[in-house]
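Right, one structure below, let's go through it.
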Number of protein chains: 2
Amino acid sequence: MATTIHDVARAAGVSPATVSRVFNGGRVTAERAERVRTAATELGFAPNRVARSLRTQRASVIGLLIPDIENPFFTAMARGVEDAAQQTNLSVVLCNTDEDVAKERRYLEIALAEQMAGVIVAAASRSRTDLSALESRKMPVVAVDRRPRGSTVDVVLVDNAHGAEEATWHLFERGYRRLACLTGPEGASTSEERLAGYRTAVRDFVRENPTETRAAEALREERIRYADFRVEGGHRAMRELLALPEPPDAVFAANNLMAVGALQALAEAGLAAPGFGVLSFGEIPWAPLVRPSLSTVRLPSYDLGFTAATLLQERISGGERPLQTVVLRTELHARESTAGPGA
Amino acid sequence: MATTIHDVARAAGVSPATVSRVFNGGRVTAERAERVRTAATELGFAPNRVARSLRTQRASVIGLLIPDIENPFFTAMARGVEDAAQQTNLSVVLCNTDEDVAKERRYLEIALAEQMAGVIVAAASRSRTDLSALESRKMPVVAVDRRPRGSTVDVVLVDNAHGAEEATWHLFERGYRRLACLTGPEGASTSEERLAGYRTAVRDFVRENPTETRAAEALREERIRYADFRVEGGHRAMRELLALPEPPDAVFAANNLMAVGALQALAEAGLAAPGFGVLSFGEIPWAPLVRPSLSTVRLPSYDLGFTAATLLQERISGGERPLQTVVLRTELHARESTAGPGA
DNA sequence: TCCAGGTCTGAAAACGATTTCTTGCTTTTC
DNA sequence: GAAAAGCAAGAAATCGTTTTCAGACCTGGA
């Protein structure tokens with residue numbers, strides 16, 4: 001049934017050790033190596049990875065833990081990881097943690113028990129995600145998109161603050177003056193950084209345009225809503241914003257799903273671009289189809305994954321180098337229409 | 001470092017065999033079992049899955065091969081698989097084959113070499129996907145969404161023909177008379193079945209309404225376009241349809257991505273509902289936001305995955321029963337507006 | 001001629017679990 | 001009371017590799 005290294009050895013008239021050496025680049029005379037190789041193909045031999053992992057204490061699989069498999073941001077990232085991994089014949093195991101720390105912990109345990117070669121993790125929680133077990137067992141880890149608190153691993157991040165700043169600025173340039181912000185959960189590094197970028201942009205704009213007195217209201221408490229990075233949360237928060245005595249005329253949404261929720265709320269209220277401005281931090285697939293049209297900040301999701309996987313592979317192959325933090329830039333994608341709110 | 005079964009045995013003053021029995025439900029006296037258990041938790045012991053797999057020749061991991069990780073249909077399916085798998089402590093490994101038979105073959109080989117407990121596969125190709133290697137090694141397999149030719153495995157399918165029939169009929173009911181069809185690649189079971197359903201509905205309608213002479217044109221060759229199940233293909237095909245001397249007034253798109261492409265082409269041509277009817281076979285996430293609005297056939301993607309995983313688990317635990325084919329029903333989701341093309 | 005230094009090879013010991021086999025005890029049964 | 005049966009527990013074999021170790025063989029220099 002399953003042909004083993006012994007079967008090949010017997011067929012080729014050599015010892016199992018020699019067969020192993022042929023497959024792992026040991027020193028074997030050309031003539032014998034040839035005999036082994038033909039015997040192997042003849043028998044359809046493929047080395048048993050489980051046995052190999054047990055012996056070498058290392059599998060040729062890396063784990064990728066993401067919080068939401070249905071979010072296109074993470075699936076694009078997964079593609080990047082996969083493409084990078086293929087280069088060194090690593091295979092990728094995708095685990096969906098569902099933003100749930102308990103589920104995440106279970107997957108991390110599996111990663112250890114399966115002796116995976118390494119793990120790339122987009123942490124479910126900044127403070128409660130615990131990578132120490134992996135670190136103490138010397139398993140290579142790269143954190144991506146979100147920086148877990150207090151762990152000493154390589155990190156690949158998006159330049160959230162800068163991207164949010166540019167995006168907010170863009171809303172001002174388009175002529176909107178009564179901005180609001182829809183950010184993610186308090187405590188998540190991504191939502192805090194994006195909110196910080198929003199605030200910076202508003203302050204800068206107010207400083208440079210002292211006559212625009214109302215712009216500063218964008219910093220007021222009631223204009224800044226914390227939601228949960230999901231469609232439903234964005235929807236509810238947007239409704240609250242619209243119910244304000246002085247509702248905003250544009251909104252900066254800190255991720256794509258909340259932007260979708262906001263668009264729904266706007267549609268229900270009969271509002272649309274260009275009268276109302278919407279900026280989504282993160283692409284909405286098929287955004288051109290979406291009504292009302294909106295501008296988006298394109299996130300380097302694929303590259304995020306690709307870079308993380310490359311870093312991880314360096315660690316796996318034993319590269320001793322200082323911890324690295326890579327920050328990738330975003331890209332503003334303005335909607336085609338140039339008309340502002342007044343038009 | 002890694003605590004093994006031996007460490008636990010020594011700490012509890014028993015043999016490794018006993019420890020193993022405690023964890024696998026062998027017969028052990030209560031008093032000893034207790035000693036083992038406390039020792040295990042004290043040492044933080046977790047059995048090494050690799051070693052276990054090597055010995056038992058079976059891993060507690062199942063592989064899920066899907067053709068496109070960025071298609072929400074498949075990610076929803078993945079969730080279903082995962083939820084079902086959790087019930088028996090199986091973990092799921094997601095592999096993205098990218099509609100590429102070579103990539104798929106590589107993943108199937110990995111599944112064998114890693115000795116996974118089983119595989120669920122949405123085949124990249126109906127005829128060229130080859131599951132025989134798995135079958136001959138007695139690895140449990142369930143095919144999902146697409147039925148691979150000539151293999152004897154359990155299958156979980158969508159009732160494509162029936163769903164397409166209902167959907168097409170719905171277009172007629174809304175008042176459209178010049179229908180067209182955008183189907184998938186020739187040779188794919190899903191696209192053929194959906195096309196067949198479309199044809200059945202048209203024929204039925206013509207038979208029941210002999211005065212509607214033009215309706216039969218929906219069966220003409222130029223009204224039926226084969227594309228590739230992707231956005232770009234749908235876009236191109238729709239443009240061709242619109243360029244016909246007698247363009248259609250409604251289109252049945254055989255999957256969600258092509259429907260998106262079609263909507264793009266329509267938007268470019270200045271067409272929208274209700275003047276032009278669009279029916280998407282498969283949900284478009286955030287469809288309510290999409291312009292023009294459209295009706296969709298909701299596919300049981302989650303249940304597809306859940307059912308497949310349940311079936312697979314029965315096979316894994318050795319249930320000997322005849323091969324099964326489960327067909328799940330679709331659900332028509334009409335767009336809210338009731339106005340037809342003439343309105 | 002002999003020995004040092006190299007290359008190649010096979011035997012055997014890991015890796016960490018499960019499982020068969022055996023042993024020694026206790027309980028039943030006639 | 002002795003034979004049969006049942007049960008718990010340990011010793012040891014096993015899964016399929018990799019890798020250490022030691023031996024065999026060859027080459028070249030003194």
Side-chain angles (χ1 to χ4, degrees), chain A residues 1-37 39-40 43-61 89 109-110 112-117 137-139, chain B residues 1-37 39-40 43-61 89 109-110 112-117 137-139:
Chain A
M1 193 122 317
T3 72
T4 77
I5 211 174
H6 287 93
D7 304 328
V8 178
R10 200 173 326 119
V14 300
S15 79
T18 303
V19 178
S20 171
R21 281 191 268 260
V22 169
F23 281 95
N24 298 295
R27 316 200 57 84
V28 181
T29 53
E31 183 259 346
R32 274 164 172 253
E34 190 48 35
R35 251 173 34 221
V36 169
R37 249 183 274 277
L43 294 170
F45 167 76
N48 180 326
R49 286 178 176 228
V50 177
R52 165 180 286 175
S53 299
L54 178 59
R55 180 58 232 234
T56 62
Q57 306 283 46
R58 150 177 312 182
S60 57
V61 171
N89 273 326
E109 275 164 18
I110 289 179
L112 270 176
E114 295 271 7
Q115 311 197 130
M116 294 183 181
R137 296 237 228 151
K138 303 239 182 300
M139 175 169 290
Chain B
M1 194 124 314
T3 72
T4 78
I5 209 174
H6 287 92
D7 304 328
V8 177
R10 201 171 328 119
V14 300
S15 78
T18 303
V19 178
S20 171
R21 281 192 267 258
V22 169
F23 281 94
N24 298 295
R27 316 203 59 83
V28 181
T29 52
E31 184 259 344
R32 274 160 175 258
E34 191 47 36
R35 248 167 44 215
V36 168
R37 250 184 272 277
L43 294 169
F45 167 76
N48 180 324
R49 287 180 177 226
V50 178
R52 163 181 288 173
S53 298
L54 177 58
R55 179 59 231 240
T56 61
Q57 307 284 46
R58 150 178 312 183
S60 58
V61 171
N89 272 326
E109 276 164 17
I110 289 179
L112 270 176
E114 294 271 6
Q115 312 197 126
M116 293 184 184
R137 297 236 229 148
K138 303 238 183 302
M139 175 170 290

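A, B, ... follow the sequence lines: proteins, then strands. Residue 1 opens every chain.
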**Message:** With salt bridge (Lys or Arg N to Asp or Glu O under 4.0 Å) as the rule and sequence neighbours excluded, what pairs involving residues 27-36 of chain B come up?
**Reply:**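 Qualifying pairs: B/E31-B/R35.
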**Asked** Which pairs count as salt bridge (Lys or Arg N to Asp or Glu O under 4.0 Å) when at least one residue sits in residues 44-54 of chain B, sequence neighbours excluded?
**Response**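 Counting only pairs at least two positions apart or across chains, the salt bridge (Lys or Arg N to Asp or Glu O under 4.0 Å) contacts touching residues 44-54 of chain B are A/E114-B/R49.
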**Request:** Sugar-phosphate atoms are those with a prime plus P, OP1 and OP2; base atoms are the rest. Using that split, label each nucleotide of nucleotides 8-13 of chain C B, S or - for protein heavy atoms under 4.0 Å, 5' to 3'.
**Result:** SBBB-B
**Residues in side-chain hydrogen bond (donor to acceptor under 3.5 Å, both in side chains) contact with A/E109, at least two apart in sequence or another chain** =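 Not a single residue meets the side-chain hydrogen bond (donor to acceptor under 3.5 Å, both in side chains) criterion with A/E109.
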Starting at atom [atom1] of [X], determine the distance to atom [atom2] of [N], rounded to an integer number of angstrom.
X	N	atom1	atom2	answer
B/Q57	C/dT19	CD	C1'	13 Å
B/N48	C/dA17	CG	P	5 Å
B/L54	C/dC15	CG	C1'	9 Å
A/L112	C/dG16	CG	P	14 Å

**Message:** Using the salt bridge (charged side-chain N to carboxylate O under 4.0 Å, His left out) criterion, which residues pair with A/R10? Sequence neighbours excluded.
**Reply:**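 Counting only residues at least two positions away or on another chain, A/R10 forms a salt bridge (charged side-chain N to carboxylate O under 4.0 Å, His left out) with A/D7.
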**Request:** Identify the two heavy atoms, one from A/S53 and one from B/V50, that lie closest to each other, and give their separation to 0.1 Å.
**Result:**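 The answer is CB-CG1, 3.7 Å.
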**Request:** Might you point out which heavy atoms bring A/A117 and A/A59 nearest each other, and give the distance in Å?
**Result:**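 Shortest heavy-atom separation between A/A117 and A/A59 comes out as CB-O, 3.1 Å.
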**Request:** Go through DNA chain D in 5' to 3' direction and return only the first and the last nucleotide with some atom under 4.0 Å of chain A's heavy atoms.
**Result:**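 Range of nucleotides within reach of chain A: D/dG16 to D/dT20.
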**Prompt:** Contact class for A/F23 (heavy atom, under 4.0 Å): base, sugar-phosphate, or nothing?
**Reply:**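 Nothing, no heavy atom under 4.0 Å.
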**Prompt:** Bend across the helix from C/dT1-D/dA30 to C/dC30-D/dG1, to 10°, with axes taken over 5 pairs at each end?
**Reply:**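 About 50°, once rounded to a multiple of 10°.
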To the closest 0.5 Å, what do you measure between [atom1] ([X]) and [atom2] ([Y])?
X	Y	atom1	atom2	value
A/I5	A/L43	CD1	CG	12.5 Å
B/Q57	B/L54	CD	CG	6.5 Å
B/S60	B/Q115	OG	CD	12.5 Å

**Request:** Determine whether A/V28 and A/V36 make a side-chain contact, defined as any pair of heavy atoms from C-beta on separated by less than 4.5 Å.
**Result:**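 No, side chains not in contact.
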**Asked** Closer than 4.0 Å, any side-chain N/O of B/S20 to the OP1 or OP2 of C/dT18?
**Response**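 Checking B/S20 against C/dT18: at least one side-chain N or O falls below 4.0 Å of OP1 or OP2.
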Distance-only donor-acceptor hits, side chain of residues 16-23 of chain B, under 3.5 Å, sequence neighbours excluded:
residue: B/T18; atom: OG1; partner: B/S15; partner atom: OG; Å: 3.3
residue: B/S20; atom: OG; partner: B/N24; partner atom: ND2; Å: 3.3

